[in-house]
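As structure tokens, the structure follows; a few thoughts come after it.
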Amino acid sequence: MRNEQQGYYTLPNGQKLHMSINAWFELEKDTGLKPQEFLAEFITEGSKKEPNEFVLLDLLTDLVYAAAKAYNLEEGINEELNRYKLRNIVVNMGGEGIKDLNDNVINNSTLKYGLGKLIPQK
């Protein structure tokens with residue numbers, strides 16, 4: 001479910017995501033990829049004539065997991081997150097729900113502002 005505030009999203013189970021600079025920090029910690037490298041990999045796979053849906057799901061799960069961790073840490077929520085449960089939630093959102101989630105976390109992310117500097121978006 002899209003939220004009015006930039007970078008926020010609520011999953012159907014109520015878990016809130018925040019695609020803040022903190023989410024990109026968590027993503028880099030988890031994957032070892034800088035945000036630009038992660039986005040390039042995500043875009044490359046998604047642009048293929050026949051993308052590997054498991055790879056795309058894994059990348060989207062990485063992003064959702066990082067955004068959920070960022071939200072919880074920013075808000076002082078001490079809830080243990082489970083990557084597999086988050087993946088199941090994403091899968092159960094169906095095609096339109098996943099598209100909305102993807103559009104929201106990628107296009108509405110605060111990544112475009114890195115430490116006050118505009119980062120070029122692809």
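Values below: every heavy atom of this structure, side chains too, minus hydrogens, waters and symmetry copies. Residue indices begin at 1 and follow the sequence shown.
Remark: Asn52 CG is packed, more than 12 non-hydrogen atoms of other residues, nucleotides or ligands lying under 6.0 Å away.
Annotation for Ala67 and Ala23: closest pair CA-CB, 3.8 Å, computed over non-hydrogen atoms.
Annotation: side-chain hydrogen bond (donor to acceptor under 3.5 Å, both in side chains) contacts of Gln15 (sequence neighbours excluded): Asn72. In this structure Glu45 satisfies the salt bridge (Lys or Arg N to Asp or Glu O under 4.0 Å) test together with Lys48, sequence neighbours excluded.
Under a hydrophobic clustering in which Ile, Leu, Val, Met, Phe, Trp and Tyr are joined whenever their side-chain heavy atoms come within less than 4.5 Å, directly or via other members, Leu60 and Val55 fall into the same cluster. Linking Ile, Leu, Val, Met, Phe, Trp and Tyr residues whenever their side-chain heavy atoms come within less than 4.5 Å places Leu63 and Leu33 in a single cluster. Cluster annotation: Leu81 and Leu73 are assigned to distinct hydrophobic clusters (Ile/Leu/Val/Met/Phe/Trp/Tyr, side-chain heavy-atom contacts under 4.5 Å, transitive).
Note: Leu17 CG to Leu11 CG = 4.5 Å, rounded to the nearest 0.5 Å. Here the straight-line distance linking atom OH of Tyr65 with atom CD of Glu26 works out to 8.5 Å at 0.5 Å rounding. The CG atom of Leu59 sits 9.0 Å away from the OG1 atom of Thr31 when rounded to the nearest 0.5 Å. The CG atom of Asp103 lies 9.5 Å from the OH atom of Tyr9; values are rounded to the nearest 0.5 Å.
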Compile the donor-acceptor pairs under 3.5 Å between side chains in residues 85-93 and protein atoms, sequence neighbours left out, one pair per line.
unit_1: Arg87; atom_1: NH2; unit_2: Asp58; atom_2: OD1; d: 2.9
unit_1: Asn92; atom_1: ND2; unit_2: Asn88; atom_2: O; d: 3.1

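Using a cutoff of 4.0 Å between basic side-chain nitrogens and carboxylate oxygens, Glu96 and Lys99 are not scored as salt-bridged.
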Side chain to side chain contact (heavy atoms under 4.5 Å, CB included) between Asp30 and Lys69, intermediate numbers included = CA-CA 11 Å; Asp30 291 346; Lys69 283 198 307 186; 2.9 Å; yes
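Each of Tyr8, Phe25, Trp24 was evaluated against His18; a single residue qualifies, Tyr8, per the ring pair (Phe, Tyr, Trp, His ring centres under 6.0 Å) test.
Among residue pairs with one or both ends in residues 33-42, none qualify as salt bridge (charged side-chain N to carboxylate O under 4.0 Å, His left out); sequence neighbours excluded.
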